Amino acid sequence: MDTIYTDSIHEEGVVTEVQGYMATVRIDRTGACAQCKAGCMDQGGSMITEAANPTGAQIGDKVLLAFNSRAALTASLITFGIPLLSLLIGLIFATIVANQIGYQGNRQTLSIGVGMIFFILSFVPLRRYDRHIKEGGTYNVVVEKILEHYGS
C-alpha cells in the first residue's frame, strides 16, 4: 500500500474502539517518543489518538498509523500562535487606547487584563476551526495498514 501522506510519520498501535469511520488507537511509547517531554503519554506510557479508519480495522487489531506531519505542524502553529498573537495584540491595543484617552490608572495592569481577554477570546475561532476540520473529513492521523488482526 502506498503511503497516504507524502510527509508522514509512522507509528504502530492497537485499535481500542471503533465508531463509524473513526478508530481510537493506543500507541505505546517508542524510541521517537522516549525523550519527548510533551506530556501526551499517560502514566502507562501510552498515547491515545483518533484516526480515520479506511482499512476497516477492528478492536484489537495492530495497525500502522500515518501522521500527516505537515498538517500537525500547521495545527500546532495555529493552536499556539493565534492565542499568543491575540495576547500581544491585546497588550498593544490597550496601551495605545490608554495613551490616546489619557488613562491615569495603572496602564500595565490594564494592558495585561485586555491582553488576557483577547487571549481567552482567541479560543472561540480555534474551536470553530477544530470543528470545521473534523466535519470536513481532513484527518491528521489515518490507519494506513492492518498489521495483525485480533486473534491472528
Side-chain angles (χ1 to χ4, degrees), residues 2-55 57 59 62-145:
D2 292 331
T3 300
I4 291 175
Y5 300 121
T6 56
D7 296 333
S8 61
I9 300 168
H10 291 88
E11 286 291 339
E12 293 180 8
V14 176
V15 177
T16 60
E17 185 180 339
V18 176
Q19 283 189 331
Y21 187 70
M22 300 299 291
T24 302
V25 182
R26 185 187 79 241
I27 304 166
D28 293 327
R29 185 181 296 268
T30 62
C33 299
Q35 302 302 319
C36 180
K37 304 291 186 222
C40 52
M41 295 288 179
D42 66 12
Q43 295 296 328
S46 297
M47 181 177 77
I48 304 296
T49 189
E50 288 186 9
N53 186 14
T55 62
I59 295 174
K62 184 175 182 181
V63 295
L64 181 67
L65 298 172
F67 290 83
N68 183 344
S69 57
R70 180 172 293 156
L73 178 60
T74 301
S76 294
L77 289 173
I78 289 170
T79 301
F80 296 108
I82 288 178
L84 180 60
L85 185 62
S86 296
L87 175 68
L88 293 173
I89 289 170
L91 290 169
I92 293 166
F93 175 76
T95 301
I96 290 170
V97 170
N99 287 335
Q100 291 292 322
I101 65 172
Y103 179 72
Q104 297 300 315
N106 188 337
R107 290 183 183 175
Q108 290 176 335
T109 303
L110 175 69
S111 294
I112 291 170
V114 172
M116 290 305 296
I117 290 169
F118 275 51
F119 176 80
I120 292 166
L121 291 175
S122 73
F123 289 99
V124 172
L126 286 177
R127 187 114 163 125
R128 286 187 181 153
Y129 174 73
D130 182 55
R131 196 173 302 128
H132 169 74
I133 293 296
K134 286 182 180 177
E135 291 172 357
T138 304
Y139 304 105
N140 291 332
V141 184
V142 176
V143 175
E144 189 172 76
K145 185 188 326 184

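Given the structure is predicted, the values throughout are model-derived calculations rather than measurements.
For the pair L64 and E12, the tightest heavy-atom approach, listed with the atom from each and the gap, is CD1-CG, 4.1 Å. Shown here for R26 and T16, the closest heavy-atom pair between the two residues is CB-CG2, 3.9 Å. Nearest heavy atoms, E50 versus V141: O-CB, 3.7 Å. Nearest heavy atoms, G102 versus R107: C-NH2, 4.1 Å. In terms of heavy atoms, N53 sits closest to M22 at CB-C, 4.3 Å. Minimum interatomic distance between F118 and S86 (heavy atoms only, all atoms of both residues): CB-O, 3.2 Å.
When the shell of 6.0 Å around OH of Y103 is examined, it contains more than 12 heavy atoms from other residues, nucleotides or ligands.
Rounded to the nearest 0.5 angstrom, L121 CG and L126 CG are separated by 11.5 Å. Annotation: the span from L88 atom CG to F119 atom CZ amounts to 11.0 Å, rounded to 0.5 Å. Remark: S111 OG to N99 CG distance equals 8.5 Å, nearest 0.5 Å. Taken from CD1 in I120 to CG in L87, the straight-line distance is 10.0 Å, to the nearest 0.5 Å. Going from atom CG of L84 over to atom CG of L77 covers 11.5 Å, rounded to the nearest 0.5 Å.
Counting heavy atoms from C-beta outward, L65 and H10 have side chains that stay 4.5 Å or more apart.
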**OP:** Run the numbers on L91 and V114 for side-chain contact (heavy atoms from CB on, under 4.5 Å), then give the verdict.
**Re:** CA-CA 6 Å; L91 290 169; V114 172; over 6 Å; no
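Among residues two or more places apart in sequence or in another chain, the side-chain hydrogen bond (donor to acceptor under 3.5 Å, both in side chains) test is passed with T24 by none.
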